[in-house]
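The next block holds one structure in the form of structure tokens; read it before the comments.
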Amino acid sequence: MKFQTIRGVHDGLPAVVARWQQVERVARTIFHSHSFDEVRLPILEQTALFTRSVGEATDIVAKEMYRFVDRGGDDLCLRPEGTAGAVRAFIQGGLGRAGEQRWFYVGPMFRRERPQKGRLRQFQQIGVERFGAAGPVADIEMLTMAWSLVAELGIQQVRLELNSLGCPSCRPGYRDALVAFLQQCEGDLCATCRDRMATNPMRVLDCKVASCQQALTDAPEMLHHLCGDCDTHFGAIQRGLDIPVTINPRIVRGLDYYNRTAFEIVTDQLGAQGTVIAGGRYDGLVQELGGAATPAIGFALGLERIGLLLSDPPATRAEVAVVALGEGALIPSLRAAEQLRAAGLRTIHCGGGGGKRQFKQADRCGARFTIILGEDEVAQGTWTVRNMGEGSQQQCDPASAMAQLVQHFATTRTSKE
RNA sequence: GUGGACGUAGUUCAAUGGUAGAGCCCCGGCUUGUGAUGCCGGUUGUUGGGGGUUCGAGUCCCCUCGUCCACCCCA
């Protein structure tokens, strides 16, 4: 019997994790510069949290959750997304009175979908949430932060698409107008769209069936039905944004809690899974989940998916290798390795034994220098330092060897970054 | 959930129904205190798994697991 990961769940082996860390490092730098703090939230939550927030009728809740009853009889699930839990934590922690909250998190999410490239059943998201800011400035800052994240990662050929979904005072009116329109052209719509007219008419807008899109050419747009406040808000965002934006009136978030700003950063390099970052405003959610009315906005990105767009990060390699020649050199060589590590040098010990084997290992691990300790060196209290690139080596006293190595790597490290 | 392509050594790939192979990697030797180049030699498979057809199956059929693509959904 051979064990293997279950469908849509992948191992993070070193080469892959290096990629994730590259994304995380850039993200953390940007988030910290905007004064966002990390939170770590549960993976297991009550199922009701998601049915209430994401929406009973959404695909995520209706057919993609890993849901079970635990031994105590509680209805639980593996979180399919991060915002609901963040809002729950915000309310539970009593942070509504603690001033504006700026949070981010990194962690696994679970959705039982059919796997594809860029779509896994267990995947990691970086999420960002900001509570307490209603004005367009917050939207502009969030969009800018998302955009600079993509830019900093060197990802090319992406575009920012923006829409407004209105609010409880203007969306019902739009919805009625849309339904009226859809009823007129009902005969031209596909079966799913006809069903959605009743359950979620706005989802009809992003149907990909050609005949539907044709029928929808003259469909009313939310942007033309925004109330005064929503229209002002949307206009202010566009004026304040210093990045190229495509207005896409067909962006409809698949989660029910969004209002006003909805956006995606998309690429066409990933086939059907082209959304790299997605987010929007959810001003009603905190209240919906039992907290005091609190405006909020957030976005999320999939680590594995964005990782597909990154060029290979340089493998992290050892800087110094230690070779011990002869039994008597073994213990001193271990001490030498410890000294090198204490000085901040990334060091591997080649394990003693055959010289050929050890030098081969020193070469393979990428070390630029090898410290050689044999009976002679031990007797004289010296190290032999071999420059692996040049093939040259010299015997010197440990203190000055260390100083030179530290100096060398201090300069090469900074020139690389 | 629907439709389709694919699955052979660690890896990338071969093999008209007739003995499962090659490159790279890895290991050893030439060189027991010297790697990366060179030469010589070596290991490696229940052909994803299970059943069936056949004298004979990597190859054909069925089931199953996984990967990928499209739909769908979304990060």
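What you see is a predicted model; the values in this text were computed from it and never measured.
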Practice prompt. Tell me what A:Gly374 touches on the nucleic acid: a base, only sugar-phosphate, or nothing, going by heavy atoms under 4.0 Å.
Written response: base
Practice prompt. From the options B:rG35, B:rU67, B:rC74, select the nucleotide whose nearest atom is closest to the side chain of A:His10.
Written response: B:rU67
Discussion item. What I want to check is whether the side chains of A:Glu129 and A:Tyr105 have a donor and an acceptor closer together than 3.5 Å.
Written reply: yes
Worksheet, complete the sentence: With both pairing distances under 3.5 angstrom for Watson-Crick or G-U wobble, and | for a partner in another strand, the correct string for RNA chain B is (((((((..((((....[..)))).(((((.......))))).....(((((..]....))))))))))))....
Discussion item. Show the nearest heavy-atom pair for residues A:Ile297 and A:Tyr282, with the distance to one decimal.
Written reply: C-CE2, 3.7 Å
Item to complete: Round to the nearest Å and state the distance from A:Arg386 atom CZ to B:rG35 atom P.
Response: 8 Å
Worksheet entry | A:Glu161-A:Thr246 side chain donor-acceptor pair, cut-off 3.5 Å | no
Discussion item. For a 4.5 angstrom cut-off between non-hydrogen side-chain atoms, does A:Phe263 reach A:Ile277?
Written reply: yes
Worksheet item: Which part of the nucleic acid, if any, lies within reach of A:Gln116 when heavy atoms closer than 4.0 Å are counted: base, sugar-phosphate only, or nothing?
Response: base
Worksheet entry | Sugar-phosphate, base or nothing in reach of A:Gln361, heavy atoms under 4.0 Å | nothing
Discussion item. Using a 4.0 Å heavy-atom cut-off, does A:Leu303 contact any base of the nucleic acid, only the sugar-phosphate backbone, or nothing at all?
Written reply: nothing
Practice prompt. Remember a base hit wins even if backbone is also touched, and classify A:Ile277 as base, sugar-phosphate or nothing at under 4.0 Å, heavy atoms.
Written response: sugar-phosphate
Item to complete: Taking only Lys NZ, Arg NE, NH1 and NH2, and the carboxylate oxygens of Asp or Glu, determine whether A:Glu113 and A:Arg121 approach each other closer than 4.0 Å.
Response: no
Worksheet item: Any side-chain donor paired with an acceptor under 3.5 Å for A:Gln273 and A:Arg305?
Response: yes
Worksheet item: When we call it a touch if two heavy atoms are under 4.0 Å apart, what does A:Gln273 touch: a base, just sugar-phosphate, or nothing?
Response: base
Worksheet item: Which is true for A:Ala272 with a 4.0 Å heavy-atom rule: it touches a base, it touches only sugar-phosphate, or it touches nothing?
Response: base
Practice prompt. With the side chain of A:Arg364 defined as its heavy atoms from C-beta on, choose the nearest nucleotide among B:rC26, B:rA75, B:rA70.
Written response: B:rC26
Worksheet item: Touch check for A:Val323, heavy atoms < 4.0 angstrom, all strands: base, sugar-phosphate only, or nothing?
Response: nothing
Practice prompt. Have a look at A:Glu375 and say if it touches a base, only the backbone sugar-phosphate, or nothing, with a 4.0 Å heavy-atom cut-off.
Written response: base
Discussion item. I'd like to know whether CZ of A:Arg159 has more than 12 heavy-atom contacts from other residues, nucleotides or ligands below 6.0 angstrom.
Written reply: yes
Worksheet item: Across the strands shown, which category fits A:Gly118 at heavy-atom distances under 4.0 angstrom: base, sugar-phosphate, nothing?
Response: base
Item to complete: Report which part of the nucleic acid A:Gly127 touches: base, sugar-phosphate, or nothing (heavy-atom distance under 4.0 Å, all strands).
Response: nothing
